[in-house]
Amino acid sequence: MLSQKTIEIVKATAPVLQEHGNTLTRHFYDRMFSHNPEVLPYFNRANQTAGKQQAALASAICAYAANIDNLGALKEAVELVAQKHASLQIKAEHYPIVGENLLASIREVLGSAATDEIVAAWGEAYGFLADILIKREDQIYREAASVPGGWQGFRRFVVSKKEQESSVVTSFYLTPEDKGSLPSFKPGQYITVRVHTDDGQTTMRQYSLSAKPNSDWLRISVKREDGVGGTVPPGYVSNLLHDSLAVGATLEVAPPCGEFFLQDEENERPLVLIAGGIGITPLMSMLQTSLQTYPNREVAFIHGCQNEDVQAFKTTVEELKAQHDNLNAHFRYIDPQKPLDSNGIEASKGFIDEKLIETMISKRDAEYYYCGPTAFLAKIHRLLNAWNVPHAQQHFEFFGPKEELAALA
Ligand code: FAD
């Protein structure tokens, strides 16, 4: 247990850390990468450049400080971090590296305001949280390895099939190189792929599993991230996968992880799946699973995207709609390029909004799963909050470091 004195010091210094949050976390990452370059492969450089990783850490530190006497309030946040860490194979030996650099950064950024007593209190608080995460992550690793077909660390997979889903999205069907069996996973979960970079390092990215669990392959569907003019470089891994990962090539994959998944016990309420762009991937797995497992459950599926050319899984959703009377689906295009002739599924122009969702469901008391760009998540979150949809009935996933939807909404 944390001492009462530590709790008091951490709570008392929380506002100061909040004030300096982004400066502190920027300093921290710069410091850690120069003192401990061995941790670089665990981080996405593009997220560093955009400042998302720093902002996510700053808000996590502030949330921890604010709730240090009520850690139950952080249960979900801890699970999210533990799942992300486990997906990246972060281990107990990494925690002292982060701890040392964090405490040194507190001293370096706050100067004389960071007394020995304050730094010692934060050291104790960090160690306490690290301990919780290490134990949970160890449990996740053991579970992933012990389920039938499961594994630990990275396993080599062969690309057995490549399928173009749209002008920007390609699916990769992955089968174990060792020809062993595959584990089941929870629809909505993701795997991590590790690739080699030009400078001899490795880097990792998460990709949602885009089909329901099956015994033959894991499928990921990757959007090619183009650069912008000469100013924004193209996405590293998505382009590498699109351009260089041919059928027969191999890829290192860590086991399925994630806390955004279809909850089995909630099947009494209607299921509402709302996707923005490539955010459709985890929802496809949920859609296929739900239709198979609960053939009578009311399901609404909405996919919003730029236009039909970039839209992935259009035909698959049309086929599912033709087979399942309990599915109500709608495509919404920001800038449609073709006449809005529906192939069994209504389509319309614009952004996903309250009116559309309202027309798709029989009642607001439903289970909502949504995934897409941050602005899209913030909009849906704001809308569902205005409908008083309880937090427990709202499930969403970020395709990057977690951001504060409440702040954006
Ligand atoms: P990065 O190199 O990481 O770049 C990211 C973005 O930043 C790109 O748009 C790039 O153009 C831009 N950028 C790069 N360098 C700079 C710079 N110096 N300055 C400014 N901008 C820069 N993606 C999918 O396609 N399908 C999925 O199913 C999927 N599931 C995911 C699930 C989870 C849980 C998470 C966290 C992410 C998921 N992603 C998914 C996103 C995926 O992990 C990658 O982030 C994505 O493919 C981009 O990676 P990249 O290496 O191509 O781009």
Side-chain angles (χ1 to χ4, degrees), residues 40-54 56 79-88 90 162-174 185-199 201-211 218-245 251 253-261 275-287 303 305 310-313 369-374 376-377 395-403:
L40 272 168
Y42 295 91
F43 293 88
N44 178 337
R45 290 168 209 189
N47 289 338
Q48 298 289 327
T49 313
K52 288 186 181 177
Q53 193 86 54
Q54 294 89 334
E79 182 62 10
L80 183 137
V81 171
Q83 292 286 342
K84 278 275 165 71
H85 281 182
S87 80
L88 297 168
I90 285 169
K162 218 172 147 175
E163 201 160 56
Q164 189 156 357
E165 306 289 359
S166 79
S167 59
V168 290
V169 180
T170 297
S171 284
F172 298 85
Y173 291 73
L174 307 171
F185 60 88
K186 294 172 180 155
Q189 288 192 307
Y190 53 84
I191 53 172
T192 300
V193 305
R194 183 167 70 177
V195 300
H196 291 267
T197 55
D198 300 335
D199 56 3
Q201 298 261 7
T202 56
T203 189
M204 295 180 266
R205 298 287 184 275
Q206 286 112 350
Y207 290 102
S208 302
L209 292 160
S210 63
L218 298 174
R219 185 181 73 179
I220 57 171
S221 306
V222 179
K223 179 182 168 232
R224 180 197 285 278
E225 295 293 343
D226 291 323
V228 182
T231 50
V232 177
Y236 188 81
V237 175
S238 61
N239 280 282
L240 186 84
L241 299 181
H242 274 249
D243 296 338
S244 312
L245 202 70
L251 192 63
V253 175
C257 275
E259 79 320 328
F260 173 69
F261 55 79
I278 189 61
I280 190 172
T281 49
L283 303 186
M284 276 309 297
S285 177
M286 293 185 188
L287 178 64
H303 188 194
C305 60
V310 298
Q311 183 183 12
F313 304 118
Y369 291 80
Y370 46 107
C371 182
T374 305
F376 161 92
L377 294 180
H395 315 265
F396 50 86
E397 177 83 294
F398 282 93
F399 276 4
K402 185 178 180 294
E403 294 174 57

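As the structure lists them, so they are numbered: ligands from 1, and atoms in each ligand from 1. None of the values given here were measured: they were computed from a predicted structure.
- Closest to atom 25 (O) of ligand 1, if we only count protein heavy atoms, is Lys223 N, 2.8 Å.
- Under a 4.0 Å heavy-atom criterion, Gly400 is in contact with ligand 1.
- In terms of protein heavy-atom proximity, atom 35 (C) of ligand 1 is nearest to Phe399 CA, 3.6 Å.
- Short contacts between ligand 1 and Val237, defined as distances under 4.0 Å to a heavy atom of the residue, involve ligand atoms 50 (P), 51 (O), 52 (O).
- The residue from Ser210, Ser221, Pro233 that puts a heavy atom closest to atom 17 (C) of ligand 1 is Pro233.
- Interface atoms of ligand 1 facing Glu397, defined by a heavy-atom separation under 4.0 Å, are 34 (C).
- Within the set Tyr236, Phe398, Tyr190, Tyr207, the minimum heavy-atom distance to atom 47 (O) of ligand 1 is found for Tyr207.
- Heavy-atom proximity to atom 12 (C) of ligand 1, evaluated over Asn44, Leu209, Val232, is greatest for Val232.
- Every N/O-N/O distance between Gly227 and ligand 1 stays at or above 3.5 Å.
- Assignment of Leu240 to the shell around ligand 1 is not supported, since no heavy atom sits closer than 4.0 Å.
- Environment of NZ in Lys52: sparse, with no more than 12 heavy atoms of neighbouring residues, nucleotides or ligands closer than 6.0 Å.
- Of the options Arg205, His242, Gln206, Glu259, the smallest heavy-atom separation from atom 39 (N) of ligand 1 is shown by Gln206.
- Contact record, Tyr236 with Arg205: CB-NH2, 4.3 Å, taken as the closest heavy-atom pair.
- Near Asp226, the atoms of ligand 1 lying under 4.0 angstrom from a non-hydrogen atom of the residue are 11 (O).
- Annotation for ligand 1: atoms under 4.0 Å from non-hydrogen atoms of Ile278 are 24 (C), 25 (O), 26 (N).
- Using a 4.0 Å cut-off between heavy atoms, Arg45 makes no contact with ligand 1 at all.
- Protein heavy atom at the shortest distance from atom 19 (N) of ligand 1 is Thr49 CG2, 3.6 Å.
- Looking at atom 53 (O) of ligand 1, its nearest protein heavy atom turns out to be Gly235 CA, 3.1 Å.
- Neither the backbone nor the side chain of Asn47 has any atom closer than 4.0 Å to an atom of ligand 1 (non-hydrogen atoms only).
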Test log, rule side-chain hydrogen bond (donor to acceptor under 3.5 Å, both in side chains), inputs Arg194 and Thr192: CA-CA 7 Å; Arg194 183 167 70 177; Thr192 300; over 6 Å; no
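- A heavy-atom distance below 4.5 Å is found between the side chains of Asp226 and Arg224.
- Here the protein heavy atom with the shortest distance to atom 52 (O) of ligand 1 is Ser238 OG, 2.6 Å.
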Stepwise side-chain hydrogen bond (donor to acceptor under 3.5 Å, both in side chains) test for Glu165 and Ser221: CA-CA 8 Å; Glu165 306 289 359; Ser221 306; 4.7 Å; no
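- The nearest heavy-atom contact from the protein to atom 5 (C) of ligand 1 is Ala46 CB, 3.6 Å.
- Among all non-hydrogen protein atoms, the one lying nearest atom 28 (O) of ligand 1 is Thr281 OG1, 2.7 Å.
- Among protein heavy atoms, atom 9 (O) of ligand 1 sits closest to Glu225 OE1, 3.6 Å.
- Side-chain atoms of Tyr190 and Lys84, non-hydrogen and from C-beta on, do get closer than 4.5 Å to each other.
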